[in-house]
Amino acid sequence: MFSKLEKILMPAADKLGKNKVLIAIRDGFLIGTPLIIVGSLFLLIANFPIAGWSEFWTKVFGEGWETWFTNVSRATFSIIAILTCIGTGYAYAREIGTDKIQGAVVALVSFVILMPTRIPFKGVDGPGTIDGLGFEYIGSNGIFLAIVVSLLSVQLFGWVYKKGWTIKMPKGVPPAVADSFAALIPSAIVMLTFFLTRIIFEFTPFKTAHNFIYTVLQTPLKGAGNTLIAQIIYSLVCTTFWFFGINGPAVANSVFSPILRVLTIENLEAFQKGLPLPNIYTDSFSNFFTNFGGGGSTLSLVIVMILFCKSKRITQLAKLSIVPGFFGINEPIIFGLPIVLNPVLLIPFNLVPIVNLVLSTWATKIGIIPYTTGISLPWTTPIGFSGYLSTGSPIASIWQIFLLILGCLIYFPFIKILDKQYLKEEKEAENHKSEEDDISFDDLSLDDL
């Protein structure tokens, strides 16, 4: 079975691995990966899932101590679209053979041109606006647009540059000055193009490119409710959006969160009164019985990466991601492996949460695991503890471990395909480096002395 799957996916993965656009997107995410990993650790400290953790440190440092740490995580997660835009612009400029720094800069400027810069607010004297960039546009919700803008702007910049539509400076002018003037006309054409694009969007019902993408993405979410089908749709929406670099829950929760909140409160009220719990689907069920380690249930993936993969890139990333993964933080894997726009991992990334969802629903209905009580737990509560605390039964913790192992089995053949691809790239890089480092005395000649 694995060999057949490899024969189907490996050629496609190899071909896609040489695609300049996908290489640029992959490398663009890697630029921000170290920042995401460090930011994850700060986020974990601010939300550590131990009873009384926040209260204890509040007594020591006072109210609001968490903001010290969330300011650091916000500086990474909340501007991930900007990091992606710069990184993708730089990498794509490199791939198409144009100026890398100018590519990164022109991508960022084009992205900001399309971005709403008037933020509405309600003040004492009534509604108003302020000038600024909203986190909702430069965070994970803006990644997809950032990628599209980066690729289009750099492509246009490179095309104009190669056409020779540049200002050529006389010889003797410092290279930095000459390169700056050479980029003037291509940059102007790119900026004019996105300026006109912004104006066009303002004459549409969407008003901005960001609103257009956000509205289009939310369309599949209409009409969802408290059913297994609705939960499957929710799961698919979240993982599919994550695949395109968009924070799926941030979009989907605008529809699903009110539903789950009501269902959770109903269970909590029934639990407090000693009545039978009415609902399977609650916040706790969604957080702790469908995804382990974050969206896509990537804790299973990280475990397989550590135990069975040989690529240095994969194993090192897994070691850095395992601790955040236990606490539900998987941005290092989403953007570092990456899972975003990685066709090899699309199937298991969507499939594992659905398998967990269906099996957990079945297990709850037949009484293997109890209904969740509605007690609110931090989403960072790790596997095992979360199962017991949300249901009051140790059987639920055992069930979580079973699903975690099942997820490992599903992820295994797919990550091994990616592992082989990365191993091949690493060996080619090592061979290339050794060829450059080799010194042969046969290249020396006394005739040259």
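Count residues from 1 along the sequence.
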Measure from the side-chain N and O atoms of [X] to the backbone N and O of [Y], and report whether any donor-acceptor pair falls under 3.5 Å.
X    : Y    : result
T227 : A230 : yes
T204 : F201 : yes
D419 : I415 : no
T298 : G293 : yes
S297 : F292 : yes
S286 : D283 : no
Q400 : G387 : yes

> How far apart are the C-alpha atoms of Y90 and I101, what are their side-chain angles, what is the distance that settles it, and do they pass the side-chain contact (heavy atoms from CB on, under 4.5 Å) test?
Replying inline: CA-CA 6 Å; Y90 181 92; I101 298 299; 3.9 Å; yes

Within-4.5 Å side-chain heavy-atom neighbours: [X] and [Y]:
X    : Y    : answer
V358 : I232 : yes
S153 : F194 : yes
L418 : F414 : no
I322 : I303 : yes
V112 : I82  : no
E331 : I80  : no
V190 : S110 : yes
T208 : N211 : yes

Could you point out which residue of [options] forms a side chain to side chain contact (heavy atoms under 4.5 Å, CB included) with [X]?
X    : options                : result
I147 : V21, L152, T84         : T84
Y281 : L357, T364, N267       : L357
S360 : I368, T290, V355, L403 : L403
F289 : P353, S284, S390       : S390

>> With side-chain hydrogen bond (donor to acceptor under 3.5 Å, both in side chains) as the criterion, how do E426 and S311 come out once you've worked through the C-alpha distance, each side chain's angles and the decisive distance to 0.1 Å?
In response: CA-CA 8 Å; E426 289 172 4; S311 163; 2.7 Å; yes

Please find the pair of heavy atoms, one from [X] and one from [Y], that lie closest to each other, and give the distance.
X    : Y    : value
A270 : P276 : CB-O, 3.7 Å
R94  : I23  : NH2-CG2, 3.9 Å
N291 : G296 : OD1-N, 3.1 Å
R313 : G336 : NH2-O, 4.1 Å
D27  : A91  : CB-CB, 3.9 Å
E63  : T58  : OE2-CG2, 3.6 Å

Spacing of [X] atom [atom1] and [Y] atom [atom2] [to the nearest 0.5 Å]:
X    : Y    : atom1 : atom2 : answer
C238 : I233 : SG    : CD1   : 12.0 Å
Y161 : I96  : OH    : CD1   : 12.0 Å
L389 : T373 : CG    : OG1   : 9.0 Å
D131 : T117 : CG    : OG1   : 6.0 Å

Over 60° means perpendicular and under 30° means parallel, so tell me whether [X] and [Y] are parallel, tilted or perpendicular.
X    : Y    : value
F412 : F308 : perpendicular
Y137 : H210 : perpendicular
W242 : F335 : perpendicular

For [X], does the [atom1] atom sit with more than 12 other heavy atoms under 6.0 Å from it, leaving out its own atoms?
X    : atom1 : value
K310 : NZ    : no
F206 : CZ    : yes
F385 : CZ    : no

>> Does N342 form a side-chain contact (heavy atoms from CB on, under 4.5 Å) with F349? I'd like the steps, not just the answer.
In response: CA-CA 10 Å; N342 190 332; F349 188 67; over 6 Å; no

> Passes side-chain hydrogen bond (donor to acceptor under 3.5 Å, both in side chains), N330 versus S321? Steps please.
Replying inline: CA-CA 7 Å; N330 69 341; S321 304; over 6 Å; no

>> What verdict does the side-chain contact (heavy atoms from CB on, under 4.5 Å) test give for Q155 and T98, after you've listed the backbone C-alpha separation in whole Å, the side-chain angles of each residue and the deciding distance to 0.1 Å?
In response: CA-CA 9 Å; Q155 183 68 49; T98 191; over 6 Å; no

> Should L299 and I383 be marked as a side-chain contact (heavy atoms from CB on, under 4.5 Å) after you check the CA-CA gap, both sets of side-chain angles, and the distance that decides it?
Replying inline: CA-CA 10 Å; L299 182 58; I383 184 173; 4.1 Å; yes

